[in-house]
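Right, one structure below, let's go through it.
If you're wondering where the values come from, they're calculated on a predicted model, not measured in any experiment.
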Amino acid sequence: IQKLLDMIAASQKPLVLVGGGVIRSKGAVPEFRKFFETLNAPVTSTIMGGGACPGSHRLFTGMIGMHGSHASNFAVDQCDLLIAIGCRFSDRVALDPATFARNAKIVHIDIDRSEIDKNVKTDHHIIGDARRVLELLNQGMPPHDYPEWKEWVFSHKEVPLKKDDILHPHEVLETIQAVTGGDAIITTDVGQHQMWSAQYYHFSRPGQLITSGGFGTMGFGLGAAIGAKVGNPDKVVIHTTGDGCFRMNCHELTTVEHYHLPIITVIFNNGCLGMVRQWQNLLYHQRFSQTTLDRGPDFVKLAEAYGLKGFRVSTRAEMEQAFGQALQAGCGCVIDCRLDMDEMVRPMVAGGAHITDFLLK
């Protein structure tokens, strides 16, 4: 602990990386928030760390890695101290381990010794429960501030989002955020909608995002939404999914109807396996294979067949109207959001590339 405190005292450009271990460790999130606010340095997150630092917090740079924000990826490339807590440095975060945080001393805090130096070599590590380690750090760390470093990190702006006559993914999630006051629990399947949910819905607490992460489980989200709603009957539960993933487990709509669970399934329907098509588009010279889903079912009729309500939307105004109706319906609902087939997750860095070599801005 003291060695890390000494490293912090010597740092001019620290960055905090939070992973799912802080979410899983009971009571760790309050200690984590006290830690990064006392440090007063930029904070980035893996997808599994979503909600440990509120998405709207002034120190939060966004997600890191393959689909990380410009601020997060440039920050990890230029920081002189990286403090990673409860993460595993997966290949979606440390895309090129040899150059990841190449200018920094890397400190890894984790409960599992086997994770240390497995993917990224560290300069210092602490084995222990995240809550206890953070408690000890908080006892010994004075307030810090890095105004010039923060100004540089947050100067990296994202490309402006599209706003025109067709529906875009960020508009779907902005609608959900606005109407629910950012208080909904979001469960996801896997793919583009999963990344969009992590990017555009600002999670404010642990457990607000439920996703299978590195398991990459298509079909996970509806079952997770059922569990989330049973466990949190007073919370709005939104299941975000793609038209490919939803096919994997849509028969569980019968469970939603049988137990009268007012879960709202939002389908990001681009008529294809979107993330695979994105890779085929950008990395495989548009050799499209087995990704087009130009066939049934009609998701609105499917919802109605299970005794639920279905909506189809293709503009932001239609999405706002349908989502408002779904919240008032008192039963499970399915909203089929029609998106362009070549809508992509931005930014993007290719696997194995240096973390600031963006394929898409």
Side-chain angles (χ1 to χ4, degrees), residues 11-19 36 39-84 87 89-104 106 120 146-163 168-171 173-174 177 192-203 209 274-275 278-279 281-283 342-361:
S11 171
Q12 299 297 314
K13 297 186 291 185
L15 177 68
V16 180
L17 169 58
V18 60
F36 76 73
L39 183 62
N40 204 7
V43 181
T44 185
S45 169
T46 69
I47 189 171
M48 299 305 289
C53 176
S56 58
H57 198 283
R58 62 182 177 82
L59 294 173
F60 190 57
T61 62
M63 191 167 63
I64 194 173
M66 178 173 285
H67 296 293
S69 68
H70 294 161
S72 297
N73 286 11
F74 280 109
V76 78
D77 191 47
Q78 292 299 314
C79 67
D80 64 9
L81 176 65
L82 176 64
I83 305 169
C87 72
F89 295 115
S90 75
D91 62 354
R92 293 298 191 267
V93 171
L95 299 114
D96 177 13
T99 64
F100 182 76
R102 57 187 172 182
N103 296 299
I106 299 176
V120 170
Y146 309 91
E148 293 180 2
W149 167 233
K150 287 184 291 187
E151 183 180 3
W152 183 85
V153 169
F154 288 103
S155 70
H156 293 88
K157 304 297 184 184
E158 306 306 308
V159 172
L161 299 172
K162 295 178 182 177
K163 292 183 179 180
H168 296 287
H170 67 91
E171 295 176 318
L173 288 152
E174 286 167 358
Q177 178 93 31
Q192 288 181 314
H193 72 274
Q194 179 190 31
M195 296 297 105
W196 288 323
S197 297
Q199 289 175 328
Y200 300 129
Y201 194 92
H202 300 306
F203 302 101
L209 170 65
M275 188 60 87
Q278 178 166 334
W279 280 50
N281 216 332
L282 295 173
L283 302 174
D342 286 315
E343 188 83 60
M344 295 193 188
V345 181
R346 299 170 181 268
M348 180 180 177
V349 181
H354 184 61
I355 198 163
T356 59
D357 290 345
F358 289 97
L359 267 177
L360 293 175
K361 291 292 188 177

Restricting to side chain to side chain contact (heavy atoms under 4.5 Å, CB included), what partner residues turn up for Ala198, sequence neighbours left out? Ile47, Met63

Less than 4.5 Å apart, side chain to side chain, heavy atoms only: is that true for Lys150 and Pro42? yes

Quick one: NE2 on His168 to CH2 on Trp196, what's the gap to the nearest 0.5 Å? 11.0 Å

Kindly compute the distance separating CG (Leu82) from CZ (Phe100), expressed to the nearest 0.5 Å. 5.5 Å

Using the salt bridge (charged side-chain N to carboxylate O under 4.0 Å, His left out) criterion, which residues pair with Lys13? Sequence neighbours excluded. none

Under the side chain to side chain contact (heavy atoms under 4.5 Å, CB included) rule, what do Gln194 and Leu209 come out as? Steps first, then yes or no, please. CA-CA 10 Å; Gln194 179 190 31; Leu209 170 65; over 6 Å; no

Kindly state whether the ring of His57 and the ring of Phe36 have centres lying under 6.0 angstrom apart. yes

Could you tell me if the side chain of Asn40 sits less than 4.5 Å from the side chain of Arg58, heavy atoms only? yes

Under 3.5 Å, which donor-acceptor pairs do the side chains of residues 347-361 form with other protein atoms, sequence neighbours left out?
{"unit_1": "His354", "atom_1": "ND1", "unit_2": "Thr99", "atom_2": "OG1", "d": "2.9"}
{"unit_1": "His354", "atom_1": "NE2", "unit_2": "Asp77", "atom_2": "OD1", "d": "2.8"}
{"unit_1": "His354", "atom_1": "NE2", "unit_2": "Arg102", "atom_2": "NH2", "d": "3.3"}

Hey, are the side chains of Met66 and Asp91 touching, using non-hydrogen atoms and a 4.5 Å cut-off? no

Shortest non-hydrogen pair, Ser11 vs Leu81, comes out as OG-CB, 3.6 Å

Taking all non-hydrogen atoms of both residues into account, name the closest pair between Leu17 and Cys87 and its distance. CD2-SG, 3.8 Å

Do Glu158 and Gln199 come within less than 4.5 Å of each other through their side chains, counting heavy atoms only? no

Salt bridge (charged side-chain N to carboxylate O under 4.0 Å, His left out) against Glu174, all qualifying residues, sequence neighbours excluded: Arg316

Of Gln192, Glu343, Arg346, which is the lone residue that meets side-chain hydrogen bond (donor to acceptor under 3.5 Å, both in side chains) with Gln278? Gln192

Measure the shortest side-chain to side-chain distance between Phe60 and His202 over non-hydrogen atoms and say whether it is less than 4.5 angstrom. no

Restricting to non-hydrogen atoms, name the atom on Phe203 and the atom on Gly50 that form the minimum distance, rounded to 0.1 Å. CB-C, 4.4 Å

Taking side chain as C-beta onward, heavy atoms only, is Lys163 less than 4.5 Å from His170? yes

When you measure from the side chain of Gln12 to the backbone N and O of Asp80, does any donor-acceptor pair fall under 3.5 Å? no

Once side chain to side chain contact (heavy atoms under 4.5 Å, CB included) is applied, do any residues pair with Ala75, and if so which ones, sequence neighbours excluded? Leu15, Trp149, Val153

For residues Phe74 and Thr61, determine if any side-chain heavy atom of one lies less than 4.5 Å from a side-chain heavy atom of the other. no

Would you mind listing every side-chain hydrogen bond (donor to acceptor under 3.5 Å, both in side chains) that reaches into residues 42-51, with sequence neighbours excluded? Thr44-Ser72

